[in-house]
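In what follows, residues are counted from 1 in the order of the sequence shown. Just follow the structure's listing: the first ligand is 1, and inside any ligand the first atom is 1. In this text, all values refer to a predicted model and were calculated from it rather than measured experimentally. We use all heavy atoms of the structure for the numbers below, so side chains are in, but hydrogens, waters and symmetry mates are not.
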Amino acid sequence: MELDLAGDVSGVHRLLTSLVAPRPIGWISTVDTDGVSNLAPYSYFNLVHTNPPVVMFAAEDADDGVKHTPSNVIETGEFVINLVTEAVAGAMDYTARAAPASESEFESADLEKAPAVTVDAPRVAASAAHLECELRDTKRIHGSTLVFGDVRHVHADEELLTEGAVDARKIDAVGRLGGPYFTGISRLSLTRETDY
Ligand SMILES: Cc1cc2nc3c(=O)[nH]c(=O)nc-3n(C[C@H](O)[C@H](O)[C@H](O)COP(=O)(O)O)c2cc1C
């Protein structure tokens with residue numbers, strides 16, 4: 001099959017999100033200037049620099065304009081990435097529903113908040129790890145807002161650690177596939193000689 005993307009673009013979203021997969025999910029909590037907290041998943045999300053650490057997510061505009069997450073980040077300069085594991089995957093999916101700005105997904109999804117250390121945005125208490133981030137930059141590309149954040153503080157639950165360090169084998173992260181699908185972790189026997 002050959003596809004000319006300059007032609008009929010119907011199905012392009014499904015096609016490309018199926019081929020660029022699995023994608024990590026940034027479950028992003030923010031707070032607006034009225035103090036209303038917001039929570040939503042973004043799978044156009046990744047780590048883009050490690051030292052110092054920088055993450056990025058891209059939010060495609062909704063029909064009524066810029067989504068609440070990038071809008072809150074631009075207003076307040078901060079956000080938290082909450083780790084999505086199988087234990088919280090259902091709640092994460094629920095928080096993707098479009099909701100009015102006055103409604104907090106923490107309440108509608110019945111999720112407990114935990115305070116962050118360096119930002120006012122709350123953490124999802126049920127997530128096993130969190131990255132507290134400060135806005136570095138934004139960029140508009142077509143109808144999307146790309147948000148870059150400096151990671152200022154990291155939380156990781158004790159259950160993720162082996163001898164004091166986060167152990168990749170203990171994190172049952174959930175990834176986004178195309179269509180309605182998600183994936184979990186199934187580690188291969190292939191391993192690297194070096195650990196980076
Ligand atoms: C797993 C998952 C990943 C998503 N990834 C994105 C994404 O990368 N970019 C985007 O614009 N919307 C994405 N969405 C849709 C948003 O979560 C949805 O539009 C949400 O209502 C945005 O909420 P907000 O306006 O509170 O930010 C995703 C939804 C799900 C379920």
Quiz item: Between S37 and S104, does any side-chain donor sit less than 3.5 Å from a side-chain acceptor?
Solution: yes
Quiz item: Taking atom types as modelled, is there a side-chain donor on S29 or N82 under 3.5 Å from an acceptor on the other?
Solution: yes
[X] side chain near [Y] side chain, heavy-atom distance below 4.5 Å:
{"X": "K67", "Y": "D61", "result": "no"}
{"X": "I171", "Y": "L83", "result": "yes"}
{"X": "K170", "Y": "T162", "result": "yes"}

Quiz item: Centre of F182's six-membered ring, under 6.0 Å away, within 45 degrees of the axis: is that where NZ or CZ of R176 sits?
Solution: yes
Quick one: which ligand 1 atoms are inside 4.0 Å of a heavy atom on [X]?
{"X": "N38", "answer": "24 (P), 26 (O), 27 (O)"}
{"X": "T69", "answer": "24 (P), 26 (O), 27 (O)"}
{"X": "R97", "answer": "21 (O)"}
{"X": "A59", "answer": "11 (O)"}

Quiz item: Parallel, tilted or perpendicular: which fits the ring planes of F79 and F57, with parallel below 30° and perpendicular above 60°?
Solution: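 Perpendicular: the ring planes of F79 and F57 meet at over 60°.
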Exercise. Give yes if a backbone or side-chain nitrogen or oxygen of A96 is under 3.5 Å from a nitrogen or oxygen of ligand 1, and no if not.
Key: yes
Quiz item: Counting both backbone and side chain atoms, is some N or O of S43 under 3.5 Å from an N or O of ligand 1?
Solution: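 Yes, since at least one N or O of S43 sits under 3.5 Å from an N or O of ligand 1.
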Heavy-atom nearest neighbour of [atom] within options [options]:
{"atom": "atom 9 (N) of ligand 1", "options": "A58, S144, G175, S104", "answer": "A58"}
{"atom": "atom 12 (N) of ligand 1", "options": "E60, R23, K67, R176", "answer": "K67"}
{"atom": "atom 17 (O) of ligand 1", "options": "G26, S71, P41, A40", "answer": "P41"}

List the closest protein heavy-atom neighbour of [atom]: residue, atom name, distance to the nearest 0.1 Å.
{"atom": "atom 8 (O) of ligand 1", "answer": "Y44 N, 2.8 Å"}
{"atom": "atom 25 (O) of ligand 1", "answer": "H68 N, 2.9 Å"}
{"atom": "atom 22 (C) of ligand 1", "answer": "Y42 OH, 3.5 Å"}

Quiz item: For the side chain to side chain donor-acceptor pair (under 3.5 Å) test, which of R152, H155, H153 pairs with E132?
Solution: H155
Self-check item: Contact partition for D93 relative to ligand 1, non-hydrogen atoms under 4.0 Å
Solution: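 Near ligand 1, D93 shows its side chain, while the N, CA, C and O stay back.
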Quiz item: Closest heavy-atom contact between I25 and G175?
Solution: CD1-C, 4.1 Å
Quiz item: Hey, does F57 sit under 4.0 Å from ligand 1 if you only count heavy atoms?
Solution: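 Flag not set, F57 not near ligand 1.
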